[in-house]
Amino acid sequence: MAAAIFSIMIVLLLLGFPMMIPLIAGALVGFVTLFGGLGQLETMIQQMMAGIRPASLIAVPMFIFAADIMTRGQSAGRLIDMVMAFVGHLKGGLAISTAAACTMFGAVSGSTQATVVAIGGPLRPRMQKAGYGDSFILALIVNASDIAFLIPPSIGMIIYGVVSNTSIAELFIAGIGPGLLILVLFAIYSWAYAVRNGVPTEPRASWGERLRAVRAALWPLGFPAIIIGGIYGGIFSPTEAAAACVLYALILETLVFREMGLRDIYRTAKSTGLITAVVFILVAAGAAFSWVISFAQIPQAILSAAGIDQMGQIGVLFAISIAFFIGCMFVDPIVVILILVPIFAPVVADVGLDPVLVGTLITLQVAIGSATPPFGCDIFTAIAVFKRPYMEVIRGTPPFILILLGVSVALIFFPQIALFLRDLAFPGEAG
């Protein structure tokens with residue numbers, strides 16, 4: 001049965017069908033095989049509805065909506081200007097500013113693709129003018145956007161938390177350490193690139209200019225304050241924080257900055273609705289597919305054949321990293337999370353791994369795979385946004401991918417990179 005399911009899915013993918021169709025087809029074939037026909041089709045429908053029932057999923061469209069409002073308004077630009085005022089004069093400062101801006105926007109949007117659009121659009125022309133090679137610029141923007149998948153609010157972490165029944169608040173805070181480590185390593189590489197290629201520095205901003213940039217960015221900086229401060233101050237749940245972000249974004253861009261009118265809000269809401277529909281169809285189809293393969297005990301058979309039951313914690317973490325990294329090179333990250341998390345969940349429990357650590361590692365691997373050839377989704381976002389050929393977009397990616405993989409290995413051997421802040425915020429979970 002497993003061979004039939006995966007063969008049908010691969011054929012449908014090769015024929016160009018969107019990922020939701022192979023998922024639904026695979027689940028349907030599984031139900032027909034298991035129950036000898038379509039008599040139990042209502043069970044499949046029930047599993048699909050159960051997949052989108054968790055209240056935590058309400059946060060996904062709200063974070064997408066808030067990020068879309070910010071991208072169309074002034075918030076993203078003000079954050080960029082603030083970062084540039086402080087580090088733009090350093091060697092490689094413009095590249096460092098780009099990475100830092102991606103991190104800050106990730107602390108608002110939670111979406112790698114939104115970050116590519118919001119940060120890459122205004123900063124790519126400035127970097128080209130400053131003397132950076134376009135392949136380096138594109139690779140930096142695509143890979144620095146991965147940090148948005150780790151810094152809260154992370155849509156990937158929300159999906160993982162729902163699928164694995166793990167605390168989303170704990171996942172959010174665990175992503176901060178690895179995200180900041182990646183930012184530091186990208187900054188070092190950007191400095192080295194600028195030195196090696198003789199990229200000139202930007203003029204140093206005066207303290208008056210820096211103060212004005214900080215003042216201009218104070219309102220947008222309220223987003224991470226709402227999300228991180230609200231959740232860990234016990235004021236909001238992650239879902240309530242998402243709702244607060246939408247309200248804050250609307251007030252900011254319509255009343256404070258006066259950048260958006262009712263027509264703009266309508267267009268933004270429509271765009272968010274379309275994206276949300278796709279996400280929720282994927283989640284529903286993934287839930288049904290996961291139920292089928294779990295009921296048929298396909299994951300147990302696959303993992304037993306791979307010998308994972310003989311591995312210790314380190315071996316399991318490496319196996320999970322490899323599976324998610326390869327999966328996201330070919331398939332949408334949400335789909336990979338929906339399919340693979342239920343497969344590895346029993347093994348994670350058996351070897352006693354912390355699900356928050358596993359979720360952080362999975363989120364990092366998903367982010368890396370999203371920017372890795374041949375089919376990483378962020379690559380195609382960059383192609384569409386910047387209108388550059390495929391080979392030009394991926395040419396500069398290897399050094400960044402090596403850095404990201406190095407952080408993954410460090411996270412496996414030094415889990416406190418992720419768990420230190422989690423244990424501080426949730427001392428009952430330490431150890």
Side-chain angles (χ1 to χ4, degrees), residues 1-52 156 159-160 163-164 277-311 316 318-348 362 365-366 368-370 372-380 390:
M1 183 176 77
I5 289 175
F6 289 113
S7 296
I8 290 172
M9 293 177 68
I10 290 171
V11 170
L12 290 173
L13 278 174
L14 292 176
L15 290 175
F17 286 92
M19 191 63 214
M20 65 187 75
I21 302 300
L23 271 178
I24 294 173
L28 187 60
V29 169
F31 269 94
V32 170
T33 305
L34 287 171
F35 299 110
L38 297 174
Q40 297 294 322
L41 188 60
E42 68 273 11
T43 305
M44 176 177 167
I45 304 300
Q46 289 170 358
Q47 293 303 319
M48 293 180 73
M49 295 305 296
I52 59 175
I159 301 296
Y160 170 84
V163 174
S164 65
V278 173
V279 170
F280 274 60
I281 292 172
L282 285 173
V283 171
F289 181 81
S290 298
W291 187 89
V292 167
I293 63 175
S294 298
F295 189 86
Q297 295 191 323
I298 293 173
Q300 292 86 333
I302 294 174
L303 295 178
S304 178
I308 199 169
D309 51 350
Q310 306 299 319
M311 300 178 184
V316 170
F318 270 108
I320 289 173
S321 299
I322 293 169
F324 277 86
F325 173 68
I326 294 175
C328 287
M329 290 167 60
F330 299 93
V331 183
D332 185 270
I334 292 175
V335 176
V336 176
I337 291 173
L338 292 169
I339 293 176
L340 293 186
V341 168
I343 291 177
F344 284 102
V347 181
V348 169
I362 285 174
Q365 293 303 322
V366 163
I368 300 171
S370 300
T372 302
F375 301 119
C377 63
D378 287 346
I379 294 173
F380 293 97
Y390 177 85

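All values below were derived from every heavy atom in this structure, side-chain atoms included, with hydrogens, water molecules and symmetry-related copies excluded.
In this structure, CZ on Phe325 lies 13.5 Å from CZ on Phe318, to the nearest 0.5 angstrom. Distance check, rounded to the nearest 0.5 Å: CG of Leu12 to CD1 of Ile21 gives 8.0 Å. Distance check: Thr372 OG1 to Ile326 CD1 gives 11.0 Å after rounding to the nearest 0.5 Å. Here the straight-line distance linking atom CD1 of Ile320 with atom CD1 of Ile343 works out to 11.0 Å at 0.5 Å rounding.
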Quick one, Val341 with Phe324, criterion side-chain contact (heavy atoms from CB on, under 4.5 Å). Give me CA distance, side-chain angles, the key distance, then yes/no. CA-CA 9 Å; Val341 168; Phe324 277 86; 3.9 Å; yes
Apply side-chain contact (heavy atoms from CB on, under 4.5 Å) to Leu340 and Ile362, showing your working. CA-CA 10 Å; Leu340 293 186; Ile362 285 174; over 6 Å; no
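Across every non-hydrogen atom of Ile24 and Ala285, the tightest pair is CG1-CB, 3.6 Å. Minimum heavy-atom separation, Ile8 to Ala25: CG2-CB, 4.4 Å. Taking all atoms of both residues into account, the shortest heavy-atom contact from Gln47 to Ala288 is CB-CA, 4.1 Å. When all heavy atoms of Ser321 and Gln365 are compared, the pair lying nearest together is O-OE1, 3.4 Å. In plain terms, the two heavy atoms of Leu338 and Val283 that are nearest each other are CD1-CA, 3.5 Å. Taking every heavy atom of both residues into account, Val292 and Ala27 meet most closely at CG2-O, 3.7 Å.
Under the 4.5 Å side-chain criterion, counting only non-hydrogen atoms from C-beta, Tyr160 is not in contact with Val366.
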